[in-house]
S.K.: 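Got a structure for you, questions after.
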There are 2 protein chains.
Amino acid sequence: MKYAPGQKMNRNAARTLAAFSETMFILLGEKEFDKITVNEICQRCDYPRATFYNYFDDKYDLADYCWYQLSKDIHLDIVQASPSNEALLSVFDEAFQLFSTQRDLLNRIVVHNPIDSPLITHFLNHFTRAMTSILADCLTQRQGHTPLSLVAQYYANTVLLVLKWVFLGQHDTTLKEARTYLEELLTKPF
Amino acid sequence: MKYAPGQKMNRNAARTLAAFSETMFILLGEKEFDKITVNEICQRCDYPRATFYNYFDDKYDLADYCWYQLSKDIHLDIVQASPSNEALLSVFDEAFQLFSTQRDLLNRIVVHNPIDSPLITHFLNHFTRAMTSILADCLTQRQGHTPLSLVAQYYANTVLLVLKWVFLGQHDTTLKEARTYLEELLTKPF
DNA sequence: TCAAAATTTAGACAGTTGTAAAACCACAAA
DNA sequence: TTTGTGGTTTTACAACTGTCTAAATTTTGA
């Protein structure tokens with residue numbers, strides 16, 4: 001990604017980025033990510049290949065931008081204020097909400113890209129990273145020996161695991177049920 | 001992987017597979033996975049490219065075989081007998097043990113392949129999958145609403161998270177400390 | 001409005017990928 | 001020995017990748 005996300009950019013660049021990411025979303029609903037070529041993306045949205053490489057390093061980079069686009073509308077700043085344990089649940093709810101609104105898109109993608117495929121892994125990693133950094137801010141003061149970043153990653157992992165189950169595993173689960181799963185995983189003694 | 005792992009194979013095929021995986025291990029200690037080409041692998045171990053594709057689909061496939069090789073010596077069958085909660089800890093110990101014996105190799109790999117790189121992700125996925133299926137067998141009867149496979153994935157994730165922290169995050173952590181982290185994560189109310 | 005600066009585009013390039021057909025080889029059965 | 005079979009290797013191929021240069025175009029700001 002040659003442009004930092006969120007950076008000021010002129011109308012043209014914004015349009016170009018949008019065209020590429022929209023095309024990628026369409027193609028992801030049609031075929032496996034591995035089978036999508038940069039050539040194909042460029043043909044579809046009628047931009048020269050050189051322009052693609054002007055904005056992105058490779059197609060993974062474009063995918064990253066797609067995930068960023070997907071989640072940029074979500075407002076996770078409210079979370080910051082709440083205490084640790086509530087923060088976790090509101091982050092979960094926010095993310096659940098986001099994934100819900102994108103359910104059709106996710107379904108289409110998952111048809112061609114199995115849950116263990118590089119693409120889905122890449123997708124989940126993106127959100128896990130984002131959520132880890134959000135949670136790391138919430139969990140500033142904690143007792144115990146476990147390093148903070150480990151705890152943050154643990155919570156992010158677990159939240160994303162449930163979301164993955166619900167939205168990528170093709171399970172029709174309500175928010176309430178999903179919350180139950182999450183709380184059970186986090187609190188149940190092993 | 002055209003040969004099922006563990007399948008009977010003649011001496012020649014075994015030697016070829018070994019040559020490829022050894023070469024991969026060497027190269028991983030020298031440079032980033034993305035920068036390693038099939039050509040390079042073949043030059044190094046002096047096999048024609050067609051032979052590579054005779055055995056593997058692509059370099060990720062070879063990497064998979066490498067992880068398999070790495071872990072094939074470990075005996076996780078003992079675990080099956082123990083009750084759920086102990087099973088988890090003995091799986092952790094076994095894996096910790098395995099990673100310890102390969103610490104040098106892992107260090108070398110991590111120098112060139114950052115912890116978020118596709119290679120390391122691939123590596124961790126491999127072990128997470130393996131551990132999930134082992135744990136799914138241990139956790140046959142459980143109370144609660146959470147689906148079994150979700151629980152198994154949760155435990156596998158958490159175990160691998162700690163192992164990743166210790167062995168790929170360049171932290172000098174003893175088994176005892178690592179166990180403390182794991183138990184704290186699994187038992188601490190959130 | 002105009003010229004300089006920046007960005008986009010066309011075209012070409014070397015290197016890589018994965019596949020396919022045919023030649024090749026080792027080994028065993030006839 | 002001959003023949004057949006299965007696997008290996010050679011060679012060739014079409015397509016893709018990422019980079020580069022130079023020309024075209026757009027944007028900027030004086």
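The sequence lines fix the lettering, A, B, ..., with proteins before strands; numbering per chain opens at 1.
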S.K.: Over how many whole Å does the gap from A:E32 atom CD to C:dG18 atom C1' extend?
M.R.: 14 Å
S.K.: What contact category does B:Y55 fall into here, base, sugar-phosphate, or nothing, at under 4.0 angstrom with non-hydrogen atoms?
M.R.: sugar-phosphate
S.K.: Check A:E184 with A:R179, please: is the shortest side-chain N to carboxylate O separation under 4.0 Å?
M.R.: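 Looking at A:R179 and A:E184, the cut-off is not met.
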S.K.: Could you tell me whether the phosphate oxygens of C:dT8, OP1 or OP2, come under 4.0 Å of any side-chain nitrogen or oxygen in A:T51?
M.R.: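 No, A:T51 has no side-chain N/O under 4.0 Å of OP1/OP2 on C:dT8.
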S.K.: When the distance from OH of A:Y53 to C1' of C:dT7 is rounded to whole Å, what number comes out?
M.R.: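 The answer, rounded to whole Å, is 19 Å.
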S.K.: What class does the angle between the rings of B:Y65 and B:F56 fall in, given that below 30° is parallel, 30 to 60° is tilted and above 60° is perpendicular?
M.R.: tilted
S.K.: Calculate the interatomic distance between A:N54 atom CG and C:dA6 atom P; express it in whole Å.
M.R.: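 After rounding, the reported distance stands at 14 Å.
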S.K.: Could you tell me how far apart A:D34 (CG) and D:dT17 (C1') are, to the nearest whole angstrom?
M.R.: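 Going from CG in A:D34 over to C1' in D:dT17 covers 14 Å.
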S.K.: Quick check on DNA chain D: between B:T16 and A:K59, whose nearest nucleotide comes earlier from the 5' end?
M.R.: B:T16
S.K.: Counting heavy atoms from C-beta on, name the nucleotide in C:dT19, D:dT26, D:dG18 closest to the side chain of B:R49.
M.R.: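 Among the listed nucleotides, the one closest to the side chain of B:R49 is C:dT19.
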S.K.: For the pair made of CG in B:L17 and P in D:dG7, what is the distance, rounded to whole Å?
M.R.: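 Interatomic distance, CG of B:L17 to P of D:dG7: 14 Å.
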S.K.: Taking only the side-chain heavy atoms of B:A13 (C-beta and beyond), determine which of C:dT16, D:dT10, D:dT8 contains the nearest atom.
M.R.: D:dT8
S.K.: Where does the angle between the aromatic ring planes of A:Y60 and A:H122 fall among parallel (under 30°), tilted (30 to 60°) and perpendicular (over 60°)?
M.R.: perpendicular
S.K.: Among D:dT10, D:dT17, C:dA10, which nucleotide has an atom closest to any side-chain atom of B:A50?
M.R.: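 The answer is D:dT10.
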S.K.: When you compare the side chain of A:H112 with that of A:L28, does any pair of heavy atoms fall below 4.5 Å?
M.R.: no
S.K.: B:D61 has an atom CG; how far is it from atom P of C:dT17, in whole Å?
M.R.: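 In whole Å, C:dT17 P lies 14 Å from B:D61 CG.
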S.K.: Starting at CG of A:N39 and ending at C1' of D:dA14, how long is that distance when rounded to a whole Å?
M.R.: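 Rounded to whole Å, this separation is 12 Å.
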S.K.: Does D:dT26 have OP1 or OP2 sitting under 4.0 Å from an N or O in the side chain of A:N12?
M.R.: no
S.K.: Is there a path of hydrophobic side-chain contacts, each under 4.5 Å between heavy atoms of I/L/V/M/F/W/Y residues, joining A:F167 to A:V111?
M.R.: no
S.K.: Rounded to whole angstrom units, what separation is found between the CZ atom of A:F52 and the P atom of D:dC16?
M.R.: 14 Å
